[in-house]
Amino acid sequence: MTQRPDPDETPKPEELAEAQSDQVSAVADEADVEMDKPASGTSAEDAVEAPGASEDPLPAEEAEGTVDSGEGDGSGVSEIDRRFMAAAIRMSRRHLGLTSTNPSVGTLIVKDGMIVGRGVTALGGRPHAEPQALAEAGEAARGATAYVTLEPCAHHGRTPPCAEALVTAGVARVVGAAADPDDRVSGRGYAILRAAGIEVVEGVLADEAGDELAGYLTRSSKKRPEVTLKLAISSDGMIGRRDAGQVQITGGISRAQVHLMRAESDVILVGIGTVLADDPELNSRLPGLEERSPVRVVLDPQVKLPMMSKLALSARSLPLYLAIGPEASAVRRSSLEMLGVRFLATETHDGRIALPELLEDLSGQGFSTVFVEGGAATARTFLEDGMVDRIALFRGPNPIGEDGIRSPLTPETIPDGFRLVREARYGLDQYSEWVRD
Ligand SMILES: NC(=O)C1=CN([C@@H]2O[C@H](COP(=O)(O)OP(=O)(O)OC[C@H]3O[C@@H](n4cnc5c(N)ncnc54)[C@H](OP(=O)(O)O)[C@@H]3O)[C@@H](O)[C@H]2O)C=CC1
Ligand SMILES: Nc1c(N[C@@H]2O[C@H](COP(=O)(O)O)[C@@H](O)[C@H]2O)[nH]c(=O)[nH]c1=O
């Protein structure tokens, strides 16, 4: 029988705060740089000393300026530059999963050590972060420093290029994090700024910004979305119990974390085996993030999805796609179509959906991030096909035993080429995350 999550286990805010999660605290950090607060009067300390920030308070004299603090590394980058960039990166998380096909970019305009303008790429991808931050700053942008998590765009789209907007606003200095691989930008954004006499510093916290922009960067360079494989495993390395439906392996704080990760993704994907066993909802149910549920995709070559499954019954309110093969029954297809289910016709190999083709299709539709939540067969083929960019493992404290379904992956069997980037404790669970080098 399917076990439902215990509502009493829904974590309280103080539990979340205790979870010491980078991502949960990042959301809290973002909230501290509230977009709807008046910009004027936000000091460097306000921006950087958000909850969860580990940095020591800045000395007043350092907070007053944005020029080299005298570290002597000769790069022209000060500690305060890095802190403002860290704040801009945290802010950019606000719209992760909501700006497709654009990346979620953060911009801060800083004058005399005070934040005078803030912008995050708007829902749907426009307007970009820079014009919003410049509009908030108004005349104060003249002579200010702009912190941008991605190189400002250089092309004329529905709005003029952001690089030109920064020039027109009269900023004196631009500090950038990640370079933009988009052919229409790729160095041109920084070139426009330099040609106008603006001082440009590139690559400040580029890795950290790249982490948040991973979907966009992968989609631009590999023409497919960034894939995160997430699994919840028991202490003895199982992901479920045979013929038992959904087994709760991890606790409430991990579940909240998973729902946050879902909310930050464009697509959540599982195999039909998981749907038949668990009857999952695959949405984001974290209070306040319900509207941010991703599109759901099920690998279902033979269209086995039950009409009465939670997924099929919710297809009108939250998009549901079945990746189907050439042999899919037209009759089953049209019954599900009436419920609002959509289809992605894909080639199959040995009855398996061709993942590279499916991912290319999803990328073509503008999706930049795919969160794969299993089950075992699906996880295995994503790994075998080399289609996993990030692995997120939640390990619960209890064993499942002999009737368990063995996980295709444990912390001890992470494939070569992946690097451990994050570890955290969520209640009694251990969280570990790896990225492909
Ligand atoms: N702890 C955890 O993190 C999770 C645990 N689970 C557990 O896992 C179990 C289900 O796992 P499993 O049975 O392996 O099911 P999957 O969810 O991996 O589904 C497998 C099915 O998906 C279809 N499929 C189509 N293309 C592919 C492809 N390229 N690669 C793999 N599958 C493809 C096939 O359907 P067809 O046979 O019709 O061709 C295949 O049998 C359940 O017990 C569930 O509770 C599930 C998710 C997460
Ligand atoms: N059992 C288990 C997980 N299982 C995953 O979550 C899915 C259920 O999603 P939903 O119906 O939306 O709650 C399920 O089908 C499987 O993919 N995840 C975890 O983080 N921890 C757990 O202990």
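We count residues from 1, following the sequence as given. We count ligands from 1, going down the list as the structure has it; atoms in each ligand are counted the same way.
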**OP:** For the pair E347 (side chain) and A354 (backbone), establish whether a donor and an acceptor sit closer than 3.5 Å, ignoring hydrogens and angles.
**Re:** no
Subject >> Sidechain-backbone polar pair: E264 side chain, L96 backbone, donor-acceptor under 3.5 Å >> reply: no
**OP:** Measure R255 to ligand 2 on non-hydrogen atoms and call it side chain, backbone, both or neither using the 4.0 Å cut-off.
**Re:** neither
**OP:** Check the side chains of D429 and S254 for a donor-acceptor pair under 3.5 angstrom, ignoring hydrogens and angles.
**Re:** yes
Original post:
For ligand 2, which atoms, with element, lie under 4.0 Å from some heavy atom of E373?
Top reply: 5 (C), 6 (O), 17 (O)
**OP:** Run the numbers for me: atoms of ligand 2, each under 4.0 Å from some heavy atom of T274, listed by number.
**Re:** 15 (O), 17 (O)
Subject >> Side-chain donor/acceptor of T149 to backbone N/O of G106, under 3.5 Å >> reply: yes
Subject >> Whether over 12 other heavy atoms sit under 6.0 Å from E357 CD >> reply: yes
Subject >> V370 and its side-chain contact (heavy atoms from CB on, under 4.5 Å) partner, picked from I268, V267, L229, D266 >> reply: V267
One line per pair, note the atom names and distance for all nitrogen or oxygen contacts under 3.5 Å between ligand 1 and the protein.
residue: ligand 1; atom: 1 (N); partner: A232; partner atom: O; Å: 2.8
residue: ligand 1; atom: 1 (N); partner: I239; partner atom: O; Å: 2.9
residue: ligand 1; atom: 3 (O); partner: A232; partner atom: N; Å: 2.8
residue: ligand 1; atom: 11 (O); partner: A376; partner atom: N; Å: 3.4
residue: ligand 1; atom: 14 (O); partner: A376; partner atom: N; Å: 3.3
residue: ligand 1; atom: 14 (O); partner: A377; partner atom: N; Å: 2.8
residue: ligand 1; atom: 17 (O); partner: G271; partner atom: N; Å: 3.4
residue: ligand 1; atom: 17 (O); partner: G271; partner atom: O; Å: 3.2
residue: ligand 1; atom: 17 (O); partner: T274; partner atom: N; Å: 2.9
residue: ligand 1; atom: 17 (O); partner: T274; partner atom: OG1; Å: 2.6
residue: ligand 1; atom: 17 (O); partner: G375; partner atom: N; Å: 2.9
residue: ligand 1; atom: 18 (O); partner: G375; partner atom: N; Å: 3.2
residue: ligand 1; atom: 18 (O); partner: A377; partner atom: N; Å: 3.3
residue: ligand 1; atom: 18 (O); partner: T378; partner atom: N; Å: 2.8
residue: ligand 1; atom: 18 (O); partner: T378; partner atom: OG1; Å: 2.7
residue: ligand 1; atom: 19 (O); partner: G273; partner atom: N; Å: 3.0
residue: ligand 1; atom: 26 (N); partner: I353; partner atom: N; Å: 2.9
residue: ligand 1; atom: 29 (N); partner: I353; partner atom: O; Å: 3.1
residue: ligand 1; atom: 30 (N); partner: T381; partner atom: OG1; Å: 2.6
residue: ligand 1; atom: 37 (O); partner: K304; partner atom: NZ; Å: 3.2
residue: ligand 1; atom: 38 (O); partner: K304; partner atom: NZ; Å: 2.7
residue: ligand 1; atom: 39 (O); partner: Q302; partner atom: NE2; Å: 3.3
residue: ligand 1; atom: 45 (O); partner: D278; partner atom: OD1; Å: 2.8
residue: ligand 1; atom: 45 (O); partner: D278; partner atom: OD2; Å: 3.0

**OP:** Considering only NZ, NE, NH1 and NH2 on the basic side and carboxylate oxygens on the acidic side, decide whether R242 and D403 come within less than 4.0 Å.
**Re:** no
**OP:** Number the atoms of ligand 2 from 1 as they appear, then name those within less than 4.0 Å of a heavy atom of D278, with their elements.
**Re:** 14 (C), 15 (O), 16 (C)
Original post:
What about I249: any of its N or O atoms under 3.5 Å from an N or O on ligand 2?
Top reply: yes
Subject >> Atom indices of ligand 2, in the order listed, that fall short of 4.0 Å to a heavy atom of V258 >> reply: 20 (O)
**OP:** Please check if the side chain of R262 supplies one atom and the backbone of N283 the other of a donor-acceptor pair under 3.5 Å.
**Re:** yes
Original post:
Are R184 and D182 within salt-bridge range, i.e. N to O under 4.0 Å?
Top reply: yes
Original post:
With a 4.0 Å cut-off, would you call E212 and R93 a salt bridge?
Top reply: yes
**OP:** Classify the contact between K310 and ligand 2 as side chain, backbone, both or neither, using a heavy-atom distance cut-off of under 4.0 Å.
**Re:** neither
Original post:
Near Q248, which atoms of ligand 2 are under 4.0 Å from a heavy atom of that residue?
Top reply: 22 (C), 23 (O)
**OP:** Kindly confirm or rule out an N or O of A232 lying under 3.5 angstrom from an N or O of ligand 2.
**Re:** no
Original post:
Can you find an N or O of K230 that's nearer than 3.5 Å to an N or O of ligand 2?
Top reply: yes
**OP:** Please name all residues satisfying side chain to side chain donor-acceptor pair (under 3.5 Å) with S314, sequence neighbours left out, ordered by chain then number.
**Re:** R296
Original post:
Relative to ligand 2, is T250 under 4.0 angstrom through side chain, backbone, both or neither, heavy atoms considered?
Top reply: both
**OP:** Enumerate the atoms of ligand 2 whose separation from the nearest heavy atom of P280 is less than 4.0 angstrom.
**Re:** 8 (C), 9 (O), 11 (O), 15 (O)
**OP:** Would you list the pairs meeting salt bridge (charged side-chain N to carboxylate O under 4.0 Å, His left out) in which at least one residue belongs to residues 380-397, sequence neighbours left out?
**Re:** D211-R390, K222-D389, R224-D389, E226-R390, R390-E433, R395-E412
Original post:
Who gets closest to atom 9 (O) of ligand 2 by heavy atom: E281, M261, R285, R262?
Top reply: R262
Original post:
Taking only residues at least two apart or on different chains, which pairs with a member in residues 315-336 satisfy side chain to side chain donor-acceptor pair (under 3.5 Å)?
Top reply: Y321-R342
**OP:** Measure V247 to ligand 2 on non-hydrogen atoms and call it side chain, backbone, both or neither using the 4.0 Å cut-off.
**Re:** backbone
